Amino acid sequence: QLNIDNKNLKFLITTTTLSSGNLAKIELKKIYNADHRYFPFDVDFLISKFLNKWKPDKIFLVDSEIWPNLILKAKERKIPIALINARITSRSFKKWVMFSSTAKKIFEKFDLSLCSNSETKNHLEKLNAKNVFYQGNIKLISDVKEKDIQNINEKILLKKRFWFAASTHKGEDITCLKTHQKLKEKFKDILTIIAPRHIERSKEINSLCKKLNLSSQILEENEKIIDNKEVVIINYFGALNDYFKYSKSVFIGKSMLAKLKNNGGQNPIEAAKLNCKIYHGPYVYNFKDIYEMLEKNCISNEISNYEELSKNLINDLDDPYKQSHNIIDPIKNLEQKTFIDTMKLVNEFVKNDAG
């Protein structure tokens, strides 16, 4: 949208990890005026060198990317800085407050702060940030084109009774496998598909399946599901939408672990946009506002254990075929409002020459 509204812009997108960098390079091939570089360590001389080379006119930081040296050095050069989809948890806020004077000197440097939730807005205002707004979580604006999603396993997914556990963390897989065992009492041919948040855990989950005498398969990219397997473990990146498209019911992880009480929750938006009924545990702090909206519209349900999850799934899977839950309209309406309100402020920031 910035390309449409501002024809002469050039973008430098930075990442800090190899995996995100590789993904950025792929996505940026579609954009004629965008480059990718890895962001340097937030060390004084490295930041100075980076700013000297690229000479940015405006800087956008995203989510919880608070780089003190970058912020202070940029403001010395009168470069305006915006914080987009800002997320300051209660835990991180308490840490900042321990160094209140320093924190306020950093956060007051932001010229615009767009928050991902109302709690962050409250935290940023207490940290002296200026022009703080909560217009909605911009992750709602993600464009999911169902027609473009292709899956080599489409045939088996269309004929098979299955459910999908996405972005599971260590400790949640056993919940999923116990759910599978419970479902098996009702549906002899039930298939459980698990996509761990960190794919290096695939072998660990496979070993757990063997201990429970469950026939399992570690699925690589472009590999077909073996017909007689009970549990399939996804072992490649970028697979979630490929399975959300065909899933009637989805469990989204990082939500069952009490140790992640203040950092729990994975993004449920793509699953909702692809018409999935969503289940999650009680710990969804990172996406609390989103889940509240989904629950209000009967799109998601909170569950506490595998018994509750299996009971809900049995009701869903009595008819194995995916059906419309009429969940798209409230998400689309909120997405449009978030997009319009956010872009209005972003465009004003881009066009404003004040530093």
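Bear in mind the structure is a predicted one, so any value in this text is a computation, not a measurement. For reference, positions follow the sequence shown, starting with 1.
Looking at heavy atoms from C-beta onward, L240 lies out of side-chain contact with E270 at the 4.5 angstrom threshold. Residues Y38 and T15 form a side-chain contact, since some pair of their non-hydrogen atoms from C-beta on lies under 4.5 Å apart. You'll find the side chain of W163 reaches within 4.5 Å of the side chain of L183, heavy atoms only. Side-chain contact between N153 and V232: absent, with no pair of heavy atoms (C-beta onward) separated by less than 4.5 Å. With a 4.5 Å cut-off on side-chain heavy atoms, F107 and I66 count as touching. Counting heavy atoms from C-beta outward, I106 and W96 have side chains that approach closer than 4.5 Å.
Applying the side-chain contact (heavy atoms from CB on, under 4.5 Å) test to L12 and every residue at least two apart in sequence or in another chain returns T14, D35, R37, F50, W54. K311 pairs by the salt bridge (charged side-chain N to carboxylate O under 4.0 Å, His left out) definition with nothing, not counting sequence neighbours. Not a single ring pair (Phe, Tyr, Trp, His ring centres under 6.0 Å) links F287 to another residue, sequence neighbours left out. Residues passing the ring pair (Phe, Tyr, Trp, His ring centres under 6.0 Å) test with Y279: none are found, sequence neighbours excluded. For E146, the side-chain hydrogen bond (donor to acceptor under 3.5 Å, both in side chains) criterion is met by no residue, not counting sequence neighbours.
Remark: K75 engages D111 in a salt bridge, criterion side-chain N to carboxylate O under 4.0 Å. Salt bridge K296/E292: absent, no basic N to carboxylate O contact under 4.0 Å.
Heavy-atom contacts from other residues, nucleotides or ligands closer than 6.0 Å to CZ of R91 number 12 or fewer.
The minimum heavy-atom distance linking Y291 with S300 is given by the pair O-OG, 3.7 Å. Scanning all heavy atoms of the two residues, the minimum distance from F110 to S113 falls at CB-OG, 3.8 Å. Shown here for N301 and K277, the closest heavy-atom pair between the two residues is ND2-NZ, 3.8 Å.
To the nearest 0.5 Å, atom NZ of residue K73 and atom CD1 of residue I59 are 13.0 Å apart.
No hydrogens or angles considered: nothing links the side chains of E27 and H36 as a donor-acceptor pair under 3.5 Å.
Remark: the backbone N or O of I149 is paired with a side-chain donor or acceptor of K245 at under 3.5 angstrom.
Residue pairs meeting the side-chain hydrogen bond (donor to acceptor under 3.5 Å, both in side chains) criterion with at least one member in residues 114-127, sequence neighbours excluded: S90-E119, N117-T120, E119-Y285, K121-E125.
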